[in-house]
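Here the structure comes first, spelled out in structure tokens, and everything after it is commentary.
As the structure lists them, so they are numbered: ligands from 1, and atoms in each ligand from 1.
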Amino acid sequence: MSAILYLVIPCYNEEEMLPITSEVLLNKREELIRLGKISPESRILFVNDGSKDATWDIIKGLHEKNRAFSGLNLSRNRGHQNALLAGLMYAKDHADISISMDADLQDDPNAINGMIECYENGCDIVYGVRDDRKEDTFFKRKSAECFYRLMTFLGTEVKENSADFRLMSKRALEALSEFREVNLFLRGMVPLLGFKQGTVTYKRASRAAGESKYPLRKMLAFSFEGITSFSIVPIRMITYLGVMIFLISLLFLIWGVVQKFRGLTVQGWSSLITSVWAIGGLILLAIGVVGEYIGKIYLEVKDRPRYIIEDILD
Ligand code: UDP
Ligand code: MG
């Protein structure tokens, strides 16, 4: 029997895109059913993220006309990641596989075939990876590059050049539901799940209608979220800085004494300059140590699962 697929599409003020998107995805669904890749029970699930325009009315209309379309309506705007999670958690209970994609068709629906093939070959998670970033502005390309470098440096595994276009099997979704954190950064969480993971490359199109719902402000907030939700390295850096400054103060101490005996200083300078650096270093060190504990509390509070079982032989 072929798998039930739920396409999960978060939508925020997408009234211009939805008529186009729904048409394209419906055709894709029919093609996949015809090929016997997915079950006729498969659905296209739109998640309305508290849109201020007619998005929800359009989704309701689509559902009236064709039961292939389902909808979830969030009570208010909660942001892309939360809307996506809501859709995925719904799909977990109704589908065998989910594929999340944006409402603006920037994620190529034709890559879905490859993703399902990967799933059939045993992958539980399949990332859609962009072949290049030619569509992006210079600024966006460079800032994305910096972001991925920084994330890797801070010890977080993220799949480079993949956004939230990905396939996840039911059991991957079940594992994801064990992650109880509220500061969501899905593309950092998914690699933590483990299982067999695959990639499919695709060409990212530009947005066909409407405008981006991710202005620079939101993008910066999102990357900050990604960094602080996954790493306590920034706190640790304070500790390192404290140690460094304290060591510098020792150098100043030696230098100050030498200068004093050479008679090159004014009265009180050596003791002052040494204590300024020493106290500064010790304060930073102390903050860093306190921060270490806060970091631990932070990780505990997240209540992430400590392991995920892939198979059981019984
Ligand atoms: N989106 C959402 N809630 C928000 C912002 C965006 O659900 O608060 C959805 C949006 O409808 C789209 C997806 O997230 O389906 C990606 O947004 P967009 O295409 O505007 O981002 P970009 O491609 O410009 O980064
Ligand atoms: Mg987009």
### Query
For atom 5 (C) of ligand 1, what's the nearest protein heavy atom and its distance?
K213 CB, 3.7 Å
### Task
Determine whether the side chains of E14 and N48 contain a donor N or O and an acceptor N or O closer than 3.5 Å.
no
### Query
Between R207 and D104, is there a salt bridge with N-O shorter than 4.0 Å?
yes
### Task
State if M219 counts as touching ligand 1 under the rule of any non-hydrogen atom under 4.0 Å.
no
## Note on the structure
Looking only at heavy atoms, the pair that brings L25 and I9 closest together is CD1-CD1, 3.5 Å
### Task
Just jot down the ligand 1 atoms closer than 4.0 angstrom to any heavy atom of R204, in number order.
23 (O)
### Query
Of all N, O or S atoms in D104, which has the smallest distance to the Mg ion (ligand 2)?
OD2
### Query
Which residue and non-hydrogen atom of the protein lie closest to atom 3 (N) of ligand 1, and at what distance in Å?
D49 OD2, 2.6 Å
### Within-cut-off N or O pair, A83 and ligand 1, under 3.5 Å
no
### Message
Using a 4.0 Å cutoff against the non-hydrogen atoms of E14, which atoms of ligand 1 qualify?
### Response
10 (C), 11 (O), 12 (C), 15 (O)
### Task
Could you tell me whether K92 and E174 have a side-chain N and a carboxylate O separated by less than 4.0 Å?
no
### Task
Would you mind running through ligand 1 and noting each atom that sits below 4.0 Å from a heavy atom of R207?
18 (P), 19 (O), 20 (O)
### Query
Should the proximity of N13 to ligand 1, defined as any heavy atom under 4.0 Å, be assigned to the side chain, the backbone, both, or neither?
neither
### Query
Against heavy atoms of P10, which atoms of ligand 1 measure under 4.0 Å?
7 (O), 9 (C), 10 (C), 11 (O), 12 (C), 15 (O)
### Task
Give a yes/no answer: is there an N/O/S atom of Q106 under 2.8 Å from the Mg ion (ligand 2)?
yes
### Query
Can you find a heavy atom in the side chain of V200 that is under 4.5 Å from one in the side chain of V129?
no
### Query
What's the shortest distance from atom 24 (O) of ligand 1 to any protein heavy atom, and which residue and atom give it?
S212 OG, 2.5 Å
## Note on the structure
Checking heavy-atom distances from atom 23 (O) of ligand 1 to each of H80, E211, Q106, the winner is Q106
### Task
State plainly whether the residues R34 and E31 are in salt-bridge range, i.e. N to O under 4.0 Å.
no
### Query
Would K140 count as a contact of ligand 1 if the rule is a heavy atom under 4.0 Å away?
yes
### Summary
closest protein heavy atom to atom 19 (O) of ligand 1 is D104 OD2, 2.5 Å
### Message
Considering non-hydrogen atoms of the protein only, which is the closest contact for atom 1 (N) of ligand 1, and what is the distance?
### Response
Y12 CB, 3.7 Å
### Task
Report, in ascending order of atom number, the atoms of ligand 1 lying under 4.0 Å from any heavy atom of C11.
7 (O), 11 (O)
### Message
Parallel, tilted or perpendicular: which one describes the rings of F185 and F222, with boundaries at 30° and 60°?
### Response
tilted
### Message
So, applying side chain to side chain donor-acceptor pair (under 3.5 Å) with D124, which one of K170, Q197, R171 is it?
### Response
R171
### Salt bridge present between D49 and R78 (N-O < 4.0 angstrom)
no
### Query
Between K218 and ligand 1, which residue portion shows a heavy-atom distance shorter than 4.0 Å: side chain, backbone, both, or neither?
side chain
### Modelled atom types, side-chain donor and acceptor of Q106 and R204, under 3.5 Å
yes
### ligand 1 atoms in contact with D102 (distance to a heavy atom under 4.0 Å)
13 (C), 15 (O), 16 (C)
### Message
Measuring centre to centre across the rings, with the benzene-like ring taken for any Trp, is Y202 within less than 6.0 Å of F165?
### Response
yes
### Query
With a distance cut-off below 6.0 Å to the six-membered ring centre and an angular limit of 45° from the axis, does R141 pair with F147 as a cation-pi contact?
no
### Task
Can you pull out the closest protein heavy atom to atom 21 (O) of ligand 1? Residue, atom name and distance to 0.1 Å, please.
Y214 CD1, 3.4 Å
